[in-house]
A.B. asks: 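Questions regarding the structure given below will be posed in turn.
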Amino acid sequence: MTSTSTSADAFAGQGDNILRPRPRKPLHTQVSQLSHDANGDSDHANGTGATSVTGVSSGRSTPIPSDAPPSIQSLSTARKQVRAEQRRRIFPTIEFASRVSHFDPNSDYRDFHGFFNLFWIGLAIMAITTCLRNIKDTGYPLRVQIWGLFTVKLWHLAIADFLMVATTAVSLPLHKVFRAAPAGGVLTWAKGGMAIQSIYQAIWLAVWIVIPFWLEWTWTAQVFLLLHTMVLLMKMHSYSFYMGHLSETEKRLRALDDPATASKAPAYLYPTPENPLGTVASPKQRAVEAAAEASSKETKEISTPNEDEEITQLREDLARELTSPMGNITYPANLTWANYLDYLCCPTLCYEIEYPRTAAIDWQNLLSKVLAVFGCIFLLTVISEEFILPALTDASIRLDPTLRAAAGDSGPLTALEGLLVLAETISWLLFPFMLTFLLVFLVIFEYVLGAFAEITHFADRHFYSDWWNSTDWMEFSREWNVPVYNFLRRHVYSASRPHVGKANATVITFLISAVGHEIVMACITKKLRGYGFICQMLQLPIVMLQKTELVRGKKTLNNVCFWCSMILGLSLICSLYVLV
């Protein structure tokens with residue numbers, strides 16, 4: 001027992017008889033190296049150690065004088081490090097630290113692209129198994145009930161869509177008429193131009209909503225034309241109203257050439273975080289505020305700028321308003337057909353004189369997005385054919401007394417039985433509609449808009465934010481559809497807030513959005529029920545509830561509630577429109 005000695009001998013005097021390893025200096029983050037002090041080396045040299053040192057050397061080093069030159073000391077240190085690397089432990093040391101998992105809410109890890117790839121692999125498996133099942137049952141890989149609708153009256157759809165796009169171009173000649181009108185005239189934008197443009201937009205919208213009903217199109221063609229109609233309506237409105245604002249600004253700038261008769265009212269700018277109300281202070285007020293800030297440390301008399309300085313500042317404000325944010329184009333140089341056509345093709349609903357552009361088209365990226373569009377349409381059709389349509393058809397037969405009699409069932413359903421059928425249908429539609437919702441998001445905001453951005457060199461690809469992390473409906477409305485959100489904030493909320501206040505402007509914005517959604521659902525189902533409108537407006541009290549102290553701050557709970565209400569709401573609305 002006494003013949004065996006270890007490194008614990010050095011601690012024997014302490015009386016605890018605990019074996020302790022020699023101190024080690026980490027070689028790197030995963031493997032530790034042994035560091036032998038002089039005592040340890042001497043133990044092995046004297047043969048008293050239980051373990052002998054392995055390697056090409058004995059583990060000893062020749063002592064060097066303390067006053068040796070730095071070069072000699074460096075060489076000695078290098079030799080020690082090389083010998084130490086040959087004496088690693090058999091079991092590498094694992095580095096443990098205070099870290100969180102990737103899915104932890106406090107984790108900074110944000111790259112989950114592998115799950116995106118897994119999502120597509122799962123959809124591919126679903127499509128393949130569906131095709132194999134159809135081949136077994138029918139002899140064909142796909143059902144043709146929805147596929148056949150795509151080719152019905154296809155030429156009608158193409159011609160109508162072309163004419164619809166062409167008729168939006170009336171806004172450009174109308175604007176030239178409003179701009180050419182003398183200041184204060186009836187046909188200026190401020191007097192009669194805004195009313196004329198609004199009436200034209202209302203008539204235009206009514207015509208293109210009625211045409212699919214008049215021509216008796218299929219619901220697939222009607223969905224395409226209606227969605228394109230809504231997009232072009234917002235584009236036309238943004239173009240005409242922003243250009244009307246610029247024409248009035250130009251008239252004011254020209255009027256300042258004769259300051260005696262010109263208006264000295266401050267220039268109007270769109271709201272910004274620094275200027276939420278959308279109106280800028282007058283030059284006199286800004287000069288007073290600047291002087292007050294400069295004299296915050298010492299009291300002095302504030303001088304009021306003279307009239308010439310006010311007019312000069314106002315001219316600068318008006319001229320800046322007529323210049324693009326990038327500073328390369330000034331109104332009215334943008335009044336061209338090429339500029340209007342470019343705006344129609346750009347993936348944005350808010351007109352600007354100039355947009356940031358990319359240097360060249362990434363053809364590989366463009367091709368991948370075009371292929372992804374057709375892939376998404378294929379998957380959407382498969383999901384509708386295999387999962388959504390059968391569930392709705394079966395529910396319709398069970399709820400319709402005539403169809404029940406034809407199927408051999410007699411007697412009407414009670415109210416409870418009808419509710420059970422509705423609940424069962426909703427449950428069958430939950431997962432298909434969740435996939436449909438995700439695919440619609442991808443095909444529109446990632447692939448279609450991305451493809452048009454690539455074609456037009458449009459550099460701003462911020463079409464959505466991380467809406468999947470939303471904790472309330474207000475956050476979802478900001479991040480799910482950024483182009484529509486920007487349009488509503490600029491042309492509805494910001495335009496109405498100075499007149500009705502923040503709360504009423506929010507209600508008006510949600511009201512217009514709800515009306516638009518209800519029009520879409522009414523045209524698709526050919527039923528005016530108001531379910532979509534009600535569900536949209538119910539978001540406001542839900543948002544108010546989520547801002548209370550009881551719920552606010554619970555991100556996981558609010559996000560789970562958001563997803564549950566989103567998935568359940570889609571299935572519920574579809575079932576109500578189709579079955580009730």
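Only a predicted model underlies this, so the values are computations on that prediction, with no experimental measurement involved.
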A.B. asks: Let me have the donor-acceptor pairs involving side chains of residues 209-223, under 3.5 Å, with sequence neighbours excluded, atom names and distances please.
C.D. replies:
unit_1	atom_1	unit_2	atom_2	d
T218	OG1	T220	OG1	3.0
Q222	OE1	K526	NZ	3.1
Q222	NE2	C523	O	3.3

A.B. asks: Ring-plane angle category for Y447 and W120, please: parallel below 30°, perpendicular beyond 60°, tilted otherwise.
C.D. replies: tilted
A.B. asks: Show, in sequence, the C-alpha distance, side-chain angles and deciding distance for S324 and E354, and conclude whether the side-chain hydrogen bond (donor to acceptor under 3.5 Å, both in side chains) test is met.
C.D. replies: CA-CA 6 Å; S324 68; E354 186 181 11; 2.7 Å; yes
A.B. asks: Begin from the C-alpha positions of S477 and Q539 and carry the test side-chain hydrogen bond (donor to acceptor under 3.5 Å, both in side chains) through to its verdict.
C.D. replies: CA-CA 10 Å; S477 65; Q539 294 178 9; over 6 Å; no
A.B. asks: Have Q197 and H237 got a donor and an acceptor in their side chains that come within less than 3.5 Å?
C.D. replies: no
A.B. asks: Identify, with sequence neighbours excluded, every residue that meets salt bridge (Lys or Arg N to Asp or Glu O under 4.0 Å) alongside D342.
C.D. replies: R357
A.B. asks: Who pairs with E518 by salt bridge (Lys or Arg N to Asp or Glu O under 4.0 Å), at least two apart in sequence or on another chain?
C.D. replies: none
A.B. asks: Which label fits F476 and W467: parallel for a plane angle under 30°, tilted from 30 to 60°, or perpendicular past 60°?
C.D. replies: perpendicular
A.B. asks: Looking at every non-hydrogen atom in both residues, tell me the closest pair between S496 and I508 and how far apart they are.
C.D. replies: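 Minimum heavy-atom contact is CB-CD1, 4.4 Å.
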A.B. asks: Distance check, rounded to the nearest 0.5 Å: L246 atom CG versus T330 atom OG1?
C.D. replies: 10.5 Å
A.B. asks: Could you check whether any side-chain N or O of N328 sits under 3.5 Å from a backbone N or O of T323, counting only pairs where one atom can act as donor and the other as acceptor?
C.D. replies: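 Such a contact is absent between N328 side chain and T323 backbone.
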A.B. asks: Which heavy atom of A333 sits nearest to which heavy atom of I329, and what is that distance?
C.D. replies: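 Minimum heavy-atom separation between A333 and I329: CB-CG2, 4.1 Å.
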A.B. asks: Take a 6.0 Å sphere around CH2 of W363 and say whether it holds more than 12 heavy atoms from other residues, nucleotides or ligands.
C.D. replies: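 Open: at most 12 neighbouring heavy atoms sit under 6.0 Å from CH2 of W363.
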A.B. asks: If you look at every heavy atom in S575 and L422, which pair is closest and at what distance?
C.D. replies: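 Scanning both residues completely, I find the closest heavy atoms to be CB-CD1, 3.7 Å.
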A.B. asks: Please find out if less than 6.0 Å separates the ring center of Y464 from that of F441.
C.D. replies: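 Ring centres of F441 and Y464 closer than 6.0 Å.
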A.B. asks: May I ask you to check whether N134 and E386 show a side-chain donor-acceptor distance below 3.5 Å?
C.D. replies: yes
A.B. asks: Any idea which heavy atoms bring M474 and V543 closest together, and the distance?
C.D. replies: N-CG2, 3.7 Å
A.B. asks: Scan side-chain atoms only and decide if R497 and Y493 contain a donor-acceptor pair under the 3.5 Å cut-off.
C.D. replies: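 A pair is found: one side chain offers a donor N or O, the other an acceptor, under 3.5 Å apart.
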A.B. asks: Apply side-chain contact (heavy atoms from CB on, under 4.5 Å) to E352 and Y242, showing your working.
C.D. replies: CA-CA 8 Å; E352 282 291 347; Y242 184 54; 3.6 Å; yes
A.B. asks: Sub-3.5 Å donor-acceptor pair from the side chain of K554 to the main-chain atoms of L550, do we have one?
C.D. replies: yes
A.B. asks: Checking side chain to side chain contact (heavy atoms under 4.5 Å, CB included) between L172 and each of N339, T336, L335, which is the one that passes?
C.D. replies: L335
A.B. asks: Cation-pi between K235 and Y343: NZ/CZ under 6.0 Å from ring centre and within 45° of the ring axis?
C.D. replies: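 Yes, a cation-pi geometry holds between K235 and Y343.
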A.B. asks: So if I apply the side chain to side chain contact (heavy atoms under 4.5 Å, CB included) rule between F533 and each of M537, R529, Q536, which one comes out positive?
C.D. replies: M537
A.B. asks: When the ring planes of H113 and F116 are compared, do they come out parallel, tilted or perpendicular, using 30° and 60° as the limits?
C.D. replies: tilted
A.B. asks: Do any N or O atoms from the side chain of D460 and from the backbone of H462 form a donor-acceptor pair under 3.5 angstrom?
C.D. replies: yes
A.B. asks: Is it the case that the side chain of Y340 and the backbone of S171 share a donor-acceptor pair, with hydrogens and angles ignored and the cut-off at 3.5 Å?
C.D. replies: no
A.B. asks: Take a 6.0 Å sphere around CE of M544 and say whether it holds more than 12 heavy atoms from other residues, nucleotides or ligands.
C.D. replies: no
A.B. asks: Kindly state whether the ring of W428 and the ring of F387 have centres lying under 6.0 angstrom apart.
C.D. replies: no
A.B. asks: Relative to the ring of W473, is the ring of F562 parallel (under 30°), tilted (30 to 60°) or perpendicular (over 60°)?
C.D. replies: perpendicular
A.B. asks: Within the 3.5 Å criterion, strictly below it, is a donor on H175 or S247 matched to an acceptor on the partner's side chain?
C.D. replies: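 S247 and H175 do not have a side-chain donor-acceptor pair below 3.5 Å.
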